Amino acid sequence: MPELPEVEVVKESLSRTITGKKIKKVSIKNRNLRYKIKKGFETRLQSKSIKKVKRFSKYIILALNDEKFCLIHLGMSGTIHLLRKNILNQKTNASFYHSPYLPKKHNHVFLEFDNIKIIYNDPRRFGYFKLFENKNNLENFINNYGPEPFSSKFNLNYLKKYFYKKKKNIKNFLLDQKFVSGLGNIYASEILFSSKINPKKKAKSLSENDCINIIKYSRKILNLAIKKGGSSIRDFKNIVGKNGSFQDNFKVYNRENKSCLSPGCKGTIKKKFITNRSTFFCNICQK
DNA sequence: AAGAGGCCCTGATAGC
DNA sequence: TGCTATCAGGGCCTCT
């Protein structure tokens, strides 16, 4: 589900609500996510506080006060929910946690703070939690991935060198996290549409101008999507259950058989499967 | 070594 | 109503 913009939205709201707070209790209902959550997980988080909430690519990173890190990946269907404590009676201290948006099923991981709980929900369980012992280990993990589109490392020279003699199509490169990290199936289609590049075009045959457009529109589209609170096509919600609205700005994704929105273009949006992922494009203006 | 494809999992929807 | 098939925003692993 979530690509960089959606994860950024989650990270921002988490940052506002749990930074500086102490984890009072950790409980897990289902440890079998993409990777099994190890036995000591709860005790290693317990009574640590959140120094900072960060994001790299599609990963949320909780920096803890013991200089360790907890990485969260939302996979395809992961969401994080924030529950606030409602005090019913000041005298008896009676209280309850409530969120009208919290799904009934698939709530797997619970982190409790003072008056706040966050809950990790993930029907398909493609997401995971991972602990890093120190900054070095975390950096080694991150160094396995390509730069984010926003990074200065994602520049014309990098693209030209990377694409040299590469037969793979450009759509697959945009999804390849070792080349560029943070893009997913929606934004790959959108970026190629704005860049006027056919998704099946081989990387080695891209012009310099194509590369410049890819860099430019990756940044532009991701930034706009973040501003709009991400895209919600099925089930993406931020931590208080609100949908994003960037889906209203999609030019190609989910627009099969609709007319091309490029000014002056009479084309129709096509849907094709490229290595098993649905891909949307205009076969007239995307060359 | 690059590139294609299978697979992990549940839920929503379409078609019969 | 209930079956089956297909598809969904990700990414790792295996095979050629």
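Keep in mind that this is a model prediction, so the values were computed, not measured. Per chain, numbering begins at 1; letters A, B, ... match sequence-line order.
For dC9(B), the base has no donor-acceptor partner in the side chain of Arg125(A) [N/O atoms by modelled type, under 3.5 angstrom].
Comparing dG6(B) with dT6(C), their P atoms sit 13 Å apart, to the nearest whole Å. Look at the P atom in both dT14(C) and dC9(B): the space between them is 16 Å, to the nearest Å.
Both Arg124(A) and Asn169(A) lie near DNA chain B, and the one whose nearest nucleotide falls closer to the 5' end is Asn169(A).
Atom CG of Asp176(A) is separated from atom P of dA1(B) by 16 Å (rounded to the nearest Å). Arg34(A) places its CZ atom 6 Å from the P atom of dC12(C), with the value rounded to the nearest Å. In this structure, Gln177(A) places its CD atom 8 Å from C1' of dG10(C), rounding to the nearest Å. In this structure, the CG atom of Asn185(A) is 6 Å from the P atom of dG10(C), given to the nearest Å. For Gln247(A) and dA8(C), the CD to P distance is 17 Å, given to the nearest whole Å. Atom CD1 in Ile186(A) sits about 16 Å away from atom C1' in dG11(C), given to the nearest Å. Per the geometry, NZ belonging to Lys171(A) stands 8 Å off P belonging to dG9(C), to the nearest Å.
Relative orientation of the Tyr59(A) and Tyr145(A) rings is tilted, given thresholds of 30° and 60° on the angle between their planes. Ring orientation note: the planes of Phe129(A) and Phe41(A) are nearly perpendicular, at an angle over 60° on the 30°/60° scale.
Stacking between Phe126(A) and the base of dG10(C) is present: ring centres sit under 5.5 Å apart and the planes differ by under 30 degrees.
With respect to the salt-bridge test (charged N to carboxylate O, under 4.0 angstrom), the residues Lys21(A) and Asp114(A) do not qualify.
Residue contacts shown for Tyr253(A) are limited to sugar-phosphate atoms, with no base heavy atom under 4.0 Å away. Note on Asn172(A): only backbone sugar-phosphate atoms sit closer than 4.0 angstrom, heavy atoms only; bases stay farther off. When heavy atoms are screened at a 4.0 angstrom cut-off, Tyr145(A) is found touching the sugar-phosphate backbone but no base atom. Across all strands, Tyr35(A) comes closer than 4.0 Å only to sugar-phosphate atoms, never to a base (heavy-atom distances).
Ser245(A) and Asp248(A) form no side-chain donor-acceptor contact under 3.5 Å, judged by distance and modelled atom types alone.
Note on His73(A): every side-chain N or O is 4.0 Å or more away from OP1 and OP2 of dG10(C). Between dA1(B) and Lys166(A), no contact under 4.0 Å exists linking OP1 or OP2 to a side-chain N or O. A sub-4.0 Å separation between OP1 or OP2 of dC9(B) and a side-chain N or O of His106(A) is absent. Contact annotation: Lys58(A) reaches the phosphate of dG10(C) (side-chain N/O to OP1 or OP2, under 4.0 Å).
Side-chain atoms of Lys287(A) come within 3.5 Å of backbone atoms of Ile284(A) as a donor-acceptor pair (strictly under, hydrogens ignored).
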Next on the checklist: Pair Glu42(A), Lys25(A) - check salt bridge (Lys or Arg N to Asp or Glu O under 4.0 Å), show working.
Outcome noted: CA-CA 8 Å; Glu42(A) 292 93 323; Lys25(A) 194 181 166 197; over 6 Å; no
Checklist entry - When you look at Lys216(A) and Ser195(A), which way does the side chain to side chain donor-acceptor pair (under 3.5 Å) test go after all the steps? => result CA-CA 9 Å; Lys216(A) 178 173 136 191; Ser195(A) 308; over 6 Å; no
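The partner of dC7(C), taking Watson-Crick or G-U wobble pairs whose two distances both stay under 3.5 Å, is dG11(B).
Remark: of the listed residues Thr275(A), Asn198(A), Asn185(A), Asn185(A) is the sole one forming a side chain to side chain donor-acceptor pair (under 3.5 Å) with Lys171(A).
Near DNA chain B, defined here as any heavy-atom distance below 4.0 Å, the residues from residues 269-279 of chain A are Thr275(A), Asn276(A), listed numerically.
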